[in-house]
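Written out below as structure tokens is the structure these notes cover.
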Number of protein chains: 2
Amino acid sequence: MTEIISSNINSVVLIGSGNVAWHLGHAFVQNRIVVKQVISRTEKNAVALAKDIGSDFSDKFDQIDNSADLYVISVSDHAIEEVIRTIKLHEKLFVHTSGSIAMSVFSGYFKNFGVFYPFQTFTKNKPLNYRDIPIYIEGNSPENKNKLMHLASCLSDNVKEINSEDRALLHLAAVFANNFTNHMVTLANSILQKMNIDFSVLQPLLKETISKLDSLGPENAQTGPAVRNDRNIIEKHLKMLEDMPQMRDIYSIVSESIKECHKKD
Amino acid sequence: MTEIISSNINSVVLIGSGNVAWHLGHAFVQNRIVVKQVISRTEKNAVALAKDIGSDFSDKFDQIDNSADLYVISVSDHAIEEVIRTIKLHEKLFVHTSGSIAMSVFSGYFKNFGVFYPFQTFTKNKPLNYRDIPIYIEGNSPENKNKLMHLASCLSDNVKEINSEDRALLHLAAVFANNFTNHMVTLANSILQKMNIDFSVLQPLLKETISKLDSLGPENAQTGPAVRNDRNIIEKHLKMLEDMPQMRDIYSIVSESIKECHKKD
């Protein structure tokens, strides 16, 4: 253990300049981890990020700084493999930050690797409290895993180990909890827009929706016509959605699923 | 106008003792509107509510107090008509608090009526800031509408007039924004439960989801594989949901809808 702690990660090269890279770069620097270089083909974003966090910048992978303790690949899922194939630093420690890509993507390319998955939705220039954000770690050896968990615990109070299969399930849960909830609100807003009612009328309801989830949990917080099995209202709503077949189908299938989930109650 | 303001609503009889009645009763009393009586067939809830807000209680509709300025029917949608048929106070001002039931439900039974619709999800014993909650008013005459708007403005800073048709659309929007978002979180939680991961790991993500809605609006806040049209990840997720056909169908139809909505971008 002493040996592991003495080999802490003190410096990083950040590959990518999207939302996750932006946030990780700032979180590293705030916690005294040096970001030696930001490397990205999207020059505009990367230059701004590098300037912001006092790093060098390059848009050429063959100019990658070879002196960092860790290389963080934070690019779109479909671009990860290409980045891995391009970089020739076989002895170095590499991670990606994706929920859905297995750690095995690194196999055969690098000796030391892992995954550093922050469980949050990131928006550039929108600060977050990193200490609350769960960070899930995987490593290809106990040493690499411990190094990454130690680094993560500099950023967050909620660091956990997870394998690639469970991480993919976590990401799927996040798609429902974030992407799909957001789309339900988009659909709600499309109804309001028809009446020229501003989105802001939904905000007290949305705040209370989340507050109830905190205090009651999602099963107990469920209200509405589907959980009451109020067929009159459900029929009325389906009729109101007659001209919007996709929304009507969503209404129908989600209402059925709510009924299913609460059958046992 | 002077005449209308001088005929303010100072006292109320509350019919019902569910979540909405509980909250309205407390909000009235906090704003010096006397709740003369709580009347409900569900004795246990109603007695507790009446005691809480210093009202009389009865479980018999023929013992209804006939001296109040307003009678608020806050029962399940399917029970409203029966309550209306039962009560014989034809001269008095009546409202219901439902999103989906048209004001015309009162026609032929009473001379003075309207709707008092607070746009919020209510949970007993969970206090709310009423001043933020939009209250939507309808009245069968300008006088009744003005009386109700004046009463609503004692409770909330956000009082608006709406007709029955638009109120039903508002309620439909609330089903998407509250009931369906909550169910998406229930489904996310069902994935976590399989891995014995506690619901609390979702809370930072859910808080940020709502915070992004506030700052960006739902269209701009959309992220995830569907809006990126990342077919690899979508296929992976559908495969992971193979044993849960209903969740897989929801995943599929919601992803399609996200793609549709963002096609124009």
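In what follows, chains carry the letters A, B, and so on, assigned in the order in which the sequence lines appear, proteins first and then strands, with residues in each chain numbered from 1. Computation of the quantities below employed the complete heavy-atom set of this structure, encompassing side-chain atoms and omitting hydrogens, waters and symmetry-equivalent molecules.
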**OP:** Let me know if A/L241 has heavy atoms under 4.5 Å from chain B in its side chain, its backbone, both or neither.
**Re:** side chain

Original post:
Picking from B/N189, B/N232, B/N19, B/I162, which has the most non-hydrogen pairs under 4.5 angstrom with chain A?
Top reply: B/N189

Subject >> Per-residue contact mode, B/D77 against chain A (heavy atom under 4.5 angstrom) >> reply: side chain

Subject >> chain B contact via A/I191 - side chain, backbone, both or neither, heavy atoms under 4.5 Å >> reply: side chain

Original post:
With only heavy atoms counted, which part of A/K160 is less than 4.5 Å from chain B, the side chain, the backbone, both or neither?
Top reply: side chain

Original post:
Aromatic rings B/Y136 and B/Y117: how do their planes relate, parallel, tilted or perpendicular, breaks at 30° and 60°?
Top reply: tilted

Original post:
Looking at B/D132, B/N158, B/N178, B/D249, which has the largest count of heavy-atom pairs under 4.5 Å with chain A?
Top reply: B/N178

Subject >> A/V175 versus chain B, the contacting section by heavy-atom distance below 4.5 Å >> reply: side chain

Original post:
Would you call A/E161-A/R167 a salt bridge at under 4.0 Å N-O?
Top reply: no

Original post:
Side-chain donor-acceptor pair under 3.5 Å between A/Y130 and A/H26, yes or no?
Top reply: no

Subject >> Part of A/D166 lying under 4.5 Å from any heavy atom of chain B >> reply: both

Original post:
So what's closer than 4.5 Å to chain B heavy atoms on A/F199: side chain, backbone, both or neither?
Top reply: side chain

Original post:
Can you say whether A/I253 sits under 4.5 Å from chain B via the side chain, the backbone, both, or neither, judging by heavy atoms?
Top reply: both

Subject >> Heavy-atom contact with chain B under 4.5 Å, split by part of A/A226 >> reply: neither

Original post:
Heavy-atom distance under 4.5 Å to chain B: side chain of A/F122, backbone, both or neither?
Top reply: backbone

Original post:
Which pair of non-hydrogen atoms, one from A/S190 and one from A/M247, has the smallest distance, and what is that distance?
Top reply: OG-SD, 3.8 Å

Subject >> Heavy-atom proximity to chain B below 4.5 Å, by part of A/K212 >> reply: both

Original post:
Side chain, backbone, both or neither: which part of A/I210 has a non-hydrogen atom closer than 4.5 Å to chain B?
Top reply: side chain

**OP:** Among the options B/R228, B/E256, B/Q222, pick out the one with the most heavy-atom pairs lying under 4.5 Å from chain A.
**Re:** B/Q222

